[in-house]
Amino acid sequence: MKIAVVYDSENGHTEALATSIAEGARINGSDVRLEHVRSARVEELVDADAIIWGCPGHFGTISSGMKAWIDQLGLLWAQGKLVNKIGGVFCTTATVHGGLESTLLNLITPMLHQGMIIVGMPSNTPENALYGSYYGVGVTCPVEASPEDPPNLPSAADLALGRAFGKRIAETAMKYSGRRAE
């Protein structure tokens, strides 16, 4: 099982969430690649069974780094290379009601154009009851009071949600591919 986790992160918030998602996806010997958009190559997605991407939310939409990376998917789209791949999305924002769900929906749209099968988080996932969204994983990391303050990274609950999401994506990809979870 090959799973690609691709993220954009500017101050470490989204990277911390991406890392927890990758940890959760590492089940039954899954080969999980965790890459920042600066080093990720879209061609590598062809070999993935599942693709999870995410970024910080900027005013209710995706970051420019993630958008530029997604804009490179044209040839894969034209060739249908990502059709029927399992997909999931995640994001971070700096404020409550800072556009989590609209950012997640903006991340899902290119996956739908690629013909991917989107996996979200159901309400019966304990970690999702208070902290999550049905569209993927979105967490709020409050703005620091001062630029000199250490970053307000995702909480333990946020990271647990990320691990649960990664596991859900990996399990879904296994079921879809006919593999059995151990």
If we ignore hydrogens and angles and just use 3.5 Å, is the side chain of D149 paired with the main-chain N or O of S146 as donor and acceptor? yes
Within one Ile-Leu-Val-Met-Phe-Trp-Tyr cluster: I3 and V46, side-chain cutoff 4.5 Å: no
Any side-chain heavy-atom pair of N152 and V143 under 4.5 Å: no
Side-chain heavy-atom pair I51, M116 within 4.5 angstrom cut-off: yes
Roughly how far, to the nearest 0.5 Å, is the CG atom of L161 from the OG atom of S20? 8.0 Å
Are any non-hydrogen side-chain atoms of L107 and C55 less than 4.5 angstrom apart? yes
Just so I know, are the side chains of M66 and P56 near enough to count as touching, which here means a heavy-atom distance under 4.5 Å? no
Smallest separation among heavy atoms of V37 and G65, with atom names: CG2-O, 3.9 Å
Short side-chain to backbone donor-acceptor contact, T140 and P142, under 3.5 Å: no
With side chains defined as the heavy atoms from C-beta onward, is the minimum distance between T14 and D8 less than 4.5 Å? no
If you compare all heavy atoms of H13 against all heavy atoms of C141, which two are closest, and at what distance to 0.1 Å? CD2-CB, 3.5 Å
Between D158 and S155, is there a side-chain donor-acceptor contact under 3.5 Å, judged purely by atom types and distance? yes
Is it true that the side chains of E15 and Y7 contain a donor and an acceptor less than 3.5 Å apart? yes
With a 4.5 Å cut-off on side-chain heavy atoms, are H58 and E10 touching? yes
Report the distance from atom OG1 of T172 to atom CD1 of I118, rounding to the nearest 0.5 Å. 11.5 Å
Quick one: are L45 and L73 in side-chain contact, heavy atoms under 4.5 Å? yes
Side chains of D49 and S177: do they bring a donor and an acceptor to under 3.5 Å? no
Between CG on residue L82 and CD on residue Q114, distance to nearest 0.5 Å: 4.5 Å
The reported gap from CG in N106 to CD1 in I62 (rounded to nearest 0.5 angstrom) is 6.5 Å
Hydrophobic cluster identity match, M121 and Y176, side-chain contacts under 4.5 Å: yes
Any donor-acceptor N/O pair, T93 side chain to T95 backbone, under 3.5 Å: yes
Report whether L34 and I27 are members of the same hydrophobic cluster (ILVMFWY, side-chain heavy atoms less than 4.5 Å apart, transitive linking). yes
Check: S102 side chain, G60 main-chain N or O, donor-acceptor pair, under 3.5 Å: yes
Sidechain-backbone polar pair: H36 side chain, S9 backbone, donor-acceptor under 3.5 Å: yes
Distance-only, no hydrogens or angles: does the R26 side chain make a donor-acceptor pair with backbone N or O of G166 under 3.5 Å? no
Got more than 12 heavy atoms from elsewhere within 6.0 Å of NZ, K85? yes
ILVMFWY network linking L105 to I117, side-chain heavy atoms under 4.5 angstrom: no
Looking only at non-hydrogen atoms, find the nearest pair between A25 and A170 and report the distance. O-CB, 3.5 Å
Between OG on residue S64 and CH2 on residue W69, distance to nearest 0.5 Å: 15.0 Å
If hydrophobic clusters are built by linking Ile, Leu, Val, Met, Phe, Trp and Tyr wherever their side-chain heavy atoms come under 4.5 Å apart, do L159 and L104 end up in the same one? no
Sidechain-backbone polar pair: W53 side chain, V5 backbone, donor-acceptor under 3.5 Å: no
Are any side-chain N or O atoms of S39 and backbone N or O atoms of E35, one a donor and one an acceptor, separated by less than 3.5 Å? no
Find out whether V89 and I52 are in side-chain contact, i.e. whether some heavy atom of one side chain is under 4.5 Å from a heavy atom of the other. no
Any donor-acceptor pair under 3.5 Å linking the side chain of R168 with the backbone of V119? no
Measuring from T103:OG1 to F90:CZ, what's the distance to the nearest 0.5 Å? 12.5 Å
